Amino acid sequence: MVAYACPVCRTNRTRFEVICKIAREIHKDPDTGENTYIAPELETISRSGKPEIDVKCLNCGYTGNESLFAKAALR
Ligand SMILES: [Zn+2]
């Protein structure tokens, strides 16, 4: 596992929320706005194979990409 630290308030290293983005493909009728297709599967959005995760600091409320929190923990 990766340690996190908040890059903004810097005091929080323990309390976070992780936010996973979920995508679902839909097709729309451009005139009526009606959905003509909805994919049966929800997909986790991933960048280079890893799911893209945002982290929220429960101390100051800052939300940013997981890598920012992981980097802040190394300092
Ligand atoms: Zn914070």
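Just so you know, these numbers come straight off a predicted model, no measurement behind them. Indexing begins at 1, ligand by ligand and atom by atom, following the structure's order.
- Side chain of Asp29 to main chain of Thr32: a donor-acceptor pair is present (N/O by atom type, distance under 3.5 Å, no hydrogens or angles).
- Val18 and Val8 fall within the same hydrophobic cluster, where Ile, Leu, Val, Met, Phe, Trp and Tyr residues are linked whenever their side-chain heavy atoms come under 4.5 Å apart, directly or through other members.
- In this structure, the side chains of Asn12 and Tyr62 stay at 4.5 Å or more apart for every pair of heavy atoms.
- Around the Zn ion (ligand 1), the protein N, O or S atoms found under 2.8 Å comprise Cys6 SG, Cys9 SG, Cys57 SG, Cys60 SG.
- If you check the side chains of Tyr37 and Glu25, you find no donor sitting under 3.5 Å from an acceptor.
- Side-chain contact between Thr44 and Ile22 is present, with heavy atoms from C-beta onward closer than 4.5 Å.
- Judged by distance alone, with hydrogens and angles left aside, the side-chain atoms of Lys28 form a donor-acceptor pair with the main-chain N or O of Gly33 at under 3.5 Å.
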